[in-house]
Amino acid sequence: MRVLFWGTPEFAVPALRALGGAGHDVVGVVTRPDRPRGRGRKPRPSVVKSIAEAEGYPVFTPERPLGDPFESAIRAARPDISVVVAYGCILARRILDIPRLGSLNLHASLLPELRGAAPIARAIERGHSVTGVSIMRMVEAMDAGPVLAQESIPIGPDDTASGLSRRLADNGARLMTDVLARLEAGPVPEEEQDHDAATFAPKVDRESARVDWRRDARAVANHIRAMDAVPGAWTLLGGAPVKLFSPGVAEWPQVGAPGEIVSAGPEHGLLVATARGALRIGEVQPAGKRRMDAAAWLRGRGPRAGDRFE
């Protein structure tokens, strides 16, 4: 099958590799333009672009996927189908309809739950025990098209967004190749979503990643795991930002105000009071420093008991 692939971040890579591995002809890869990254803020390609170029696939990087030159280029590729995985831009109907079999999207939730930009992070943050991947036919409304296939996956108590994302990407890549194999044999049943049951997963940004110590220990732990590794859950200590990782709910008598450090030593590690219960922080990243074990931070110039995160 002649596939036009759309994707940008690491999450899209397993699907791109799987399509080539399954023998499909990747006739083009559409990804977001090079963006400034890193300390030097030099323009760098997306990870999908780098892999596509290494594989010898034609690459398209429009600022917006519209306009006669771009549309003519992808029409000339004569795709049978478009496969979209975390591309990062809404596609117009006339673009979706260019391939003879239309456009399919891999979404990291069990639709209609968690439509939107951050389904993995929001599933963890909201304490879900199960999530999954869905293959849907794309329509102009956000993540609202009929579903061709789904597969669930459990969320463990220590899962982070970055780790869960890798598992979902791998499962989704396999599920997408299964769907394409079925499409080659004939039509695949499509089930309309229950739109009344839809929930939404808004984009994660730096402000939404800030820790709210007024919540209970389990909710704060879920939040920290949901923000790992990008953008990273953060808080302030003495006016300076500190990112927090590897949380665990701790058995500890409630002796401090929310955000107060109730232990900062080798015996109990870094323990922080919440509105209800305490949280053990396993890793930190102080401003301008690398990610490190909390124990190493405490041995250096880290905080002391009685200090308070805000």
Side-chain angles (χ1 to χ4, degrees), residues 1-9 11-19 22 24 30 65 79-126 128-155 159 161 164-203:
M1 189 177 292
R2 296 174 63 83
V3 178
L4 180 63
F5 185 83
W6 306 65
T8 300
F11 182 82
V13 170
L16 177 58
R17 293 194 186 281
L19 291 170
H24 295 290
V30 188
D80 295 315
I81 197 164
S82 277
V83 170
V84 183
V85 185
Y87 169 59
C89 188
I90 294 174
L91 303 183
R93 166 57 63 190
R94 64 178 180 274
I95 299 295
L96 297 175
D97 290 343
I98 286 175
R100 66 179 183 86
L101 294 176
S103 300
L104 300 184
N105 175 249
L106 166 59
H107 186 74
S109 80
L110 297 174
L111 292 169
E113 286 190 341
L114 298 171
R115 296 177 179 176
I120 300 172
R122 299 304 183 184
I124 294 174
E125 183 181 48
R126 296 172 189 176
H128 293 194
S129 60
V130 177
T131 188
V133 287
S134 301
I135 308 297
M136 69 172 179
R137 182 166 297 284
M138 295 183 72
V139 297
E140 288 188 283
M142 182 182 67
D143 300 329
V147 174
L148 288 76
Q150 287 186 323
E151 185 174 291
S152 63
I153 184 172
I155 301 176
D159 272 334
L164 184 59
S165 178
R166 289 190 289 271
R167 291 162 57 201
L168 289 167
D170 289 340
N171 284 25
R174 176 178 46 76
L175 192 62
M176 181 64 79
T177 58
D178 289 348
V179 168
L180 293 194
R182 291 164 58 200
L183 278 171
E184 286 186 302
V188 174
E190 303 181 12
E191 184 176 349
E192 291 293 333
Q193 295 185 43
D194 180 356
H195 302 298
D196 291 336
T199 61
F200 297 91
K203 181 180 179 179

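Among all heavy-atom pairs drawn from Lys203 and Arg122, the shortest one is O-NH2, 3.2 Å. Taking both residues in full, the closest heavy atoms of Leu114 and Ala123 are given as CD1-CB, 3.6 Å, listed atom of the first, atom of the second, then distance. Leu19 and Val3 make their closest contact through CD1-CG1, 3.9 Å (heavy atoms, listed as atom of the first residue, atom of the second, distance).
Ile98 contributes atom CD1, which lies 8.5 Å from atom OG of Ser103 (distance to the nearest 0.5 angstrom). The CZ atom of Arg167 lies 4.5 Å from the CG atom of Asp159; values are rounded to the nearest 0.5 Å.
Pairs passing the salt bridge (charged side-chain N to carboxylate O under 4.0 Å, His left out) check and including a residue from residues 91-110, sequence neighbours excluded, read Glu71-Arg94, Asp80-Arg100, Arg93-Asp97.
A heavy-atom distance below 4.5 Å is found between the side chains of Leu101 and Met1.
Atom CD of Glu190 sits in a crowded spot, with more than 12 heavy atoms from other residues, nucleotides or ligands closer than 6.0 Å. The 12-atom threshold is exceeded at CZ of Arg182, counting heavy atoms of other residues, nucleotides or ligands nearer than 6.0 Å.
Looking at residues two or more places apart in sequence or on another chain, you find no salt bridge (Lys or Arg N to Asp or Glu O under 4.0 Å) involving Asp143.
Panel note: side chain Gln193, backbone Val147; no donor-acceptor pair is recorded below 3.5 Å. Between the side chain of Thr8 and the backbone N or O of Tyr87, at least one donor-acceptor pair lies under 3.5 Å. Distance alone, capped at 3.5 Å, is enough to place a donor-acceptor pair between the Ser134 side chain and the Leu111 backbone. Judged by distance alone, the side chain of Asn105 and the main-chain N or O of Val84 form a donor-acceptor pair under 3.5 Å.
Counted by atom type alone, Glu113 and Thr199 present zero donor-acceptor pairs between their side chains at under 3.5 Å.
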